[in-house]
Amino acid sequence: MFALPQSNVKPLDQFKISFNNCVKKSLEKFPDANAEVVKLWSDSAIAAFTNPADIPSEAFLAPAIDAVVALAAAKKWTPDNADIQEMEAKLEMELITMATPR
C-alpha cells in the first residue's frame, strides 16, 4: 500500500486560496460588483481569519461570499463609497446563518 503525499500547504494558506477562488467565481456571477471594492473587502476578510479551527469549509464560504458580492453589486459601491464594515458584517451573518441548525 502506498502512502498519499502529504500537502505542504498550511491551513491558512489553503483558506486564502479557497477564499480567493470563491471571490473570483462570485465576481463572474455578479459582474456589476466593483472588483476593486470586492478586493478591498476580501483582503480584510481573509486577514480576520487567524485560527485554523475557525476556518469555514468552502461549502459554507462560497454562498456567503456570493451574498456579499451580490450586496456590493446591488449597492453599486465604488472604492470611494464602499462600506467594507457592512460587507464584513454580511459575511459573518451569512456564515452564522448557515452554521445554525434548523
Side-chain angles (χ1 to χ4, degrees):
M1 172 141 300
F2 296 101
L4 294 174
Q6 294 296 315
S7 172
N8 290 332
V9 179
K10 296 177 183 172
L12 288 174
D13 292 337
Q14 183 58 50
F15 168 71
K16 290 175 188 177
I17 293 166
S18 294
F19 195 98
N20 286 324
N21 286 339
C22 290
V23 167
K24 181 180 176 185
K25 290 174 186 172
S26 292
L27 282 170
E28 290 170 1
K29 291 179 190 175
F30 304 100
D32 291 343
N34 182 298
E36 192 174 341
V37 167
V38 173
K39 173 82 170 112
L40 289 169
W41 161 75
S42 67
D43 288 347
S44 174
I46 288 170
F49 287 94
T50 57
N51 182 353
D54 294 337
I55 294 175
S57 71
E58 199 164 325
F60 283 100
L61 205 52
I65 290 173
D66 280 352
V68 175
V69 175
L71 174 69
K75 298 237 179 177
K76 299 186 184 329
W77 280 326
T78 67
D80 295 329
N81 69 358
D83 188 341
I84 302 301
Q85 288 180 335
E86 184 176 346
M87 295 172 80
E88 289 171 349
K90 178 71 171 171
L91 177 67
E92 185 176 340
M93 182 188 74
E94 291 294 323
L95 289 172
I96 290 169
T97 300
M98 286 185 277
T100 304
R102 297 186 182 177

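- Annotation: salt bridge (Lys or Arg N to Asp or Glu O under 4.0 Å) contacts involving residues 33-54, sequence neighbours excluded, comprise Lys39-Asp43.
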Decide yes or no on side chain to side chain contact (heavy atoms under 4.5 Å, CB included) for Ile46 and Asn20, but give the supporting numbers first. CA-CA 9 Å; Ile46 288 170; Asn20 286 324; 3.6 Å; yes
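- Between the CG atom in Asp32 and the NZ atom in Lys75 there is a gap of 15.5 Å [rounded to 0.5 Å].
- Of all heavy-atom pairs between Glu88 and Ala45, the closest is OE2-N, 4.5 Å.
- Applying the salt bridge (Lys or Arg N to Asp or Glu O under 4.0 Å) definition to pairs two or more places apart or across chains, those involving residues 62-73 are Lys29-Asp66.
- Ring centroid separation for the pair Phe30 and Trp77 does not come in under the 6.0 Å cut-off.
- Ser57 is linked by a side-chain contact (heavy atoms from CB on, under 4.5 Å) to Ala59, Phe60, counting only residues two or more places apart in sequence or in another chain.
- Residues passing the salt bridge (Lys or Arg N to Asp or Glu O under 4.0 Å) test with Lys90 are Glu94, sequence neighbours excluded.
- No side-chain heavy atom of Asn34 sits less than 4.5 Å from a side-chain heavy atom of Lys76.
- Counting heavy atoms from C-beta on, the side chains of Pro56 and Phe49 come closer than 4.5 Å.
- To the nearest 0.5 angstrom, Lys25 atom NZ is 12.5 Å from Leu27 atom CG.
- Residues Leu12 and Phe19 share a hydrophobic cluster, clusters being chains of Ile/Leu/Val/Met/Phe/Trp/Tyr side chains in contact below 4.5 Å.
- Scanning for side-chain contact (heavy atoms from CB on, under 4.5 Å) contacts around Asn21 gives Ile17, with sequence neighbours left out.
- Scanning both residues, Pro11 and Ile55, for their nearest heavy atoms gives O-CD1, 3.9 Å.
- Residues Ala64 and Leu95 come closest through the heavy atom pair CB-CD2, 3.8 Å.
- The shortest heavy-atom contact between Ala62 and Ser26 is O-OG, 4.4 Å.
- Counting all heavy atoms, side chain and backbone alike, Ala82 lies closest to Val37 at CB-CG1, 3.6 Å.
- Of all heavy-atom pairs spanning Val38 and Val69, the tightest one is CG1-CG2, 4.1 Å.
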In sequence, state the C-alpha distance, the side-chain angles, and the governing distance for Trp41 and Asp83, and then conclude on side chain to side chain contact (heavy atoms under 4.5 Å, CB included). CA-CA 9 Å; Trp41 161 75; Asp83 188 341; over 6 Å; no
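- Remark: Glu92 pairs with no residue by the salt bridge (Lys or Arg N to Asp or Glu O under 4.0 Å) rule, at least two apart or across chains.
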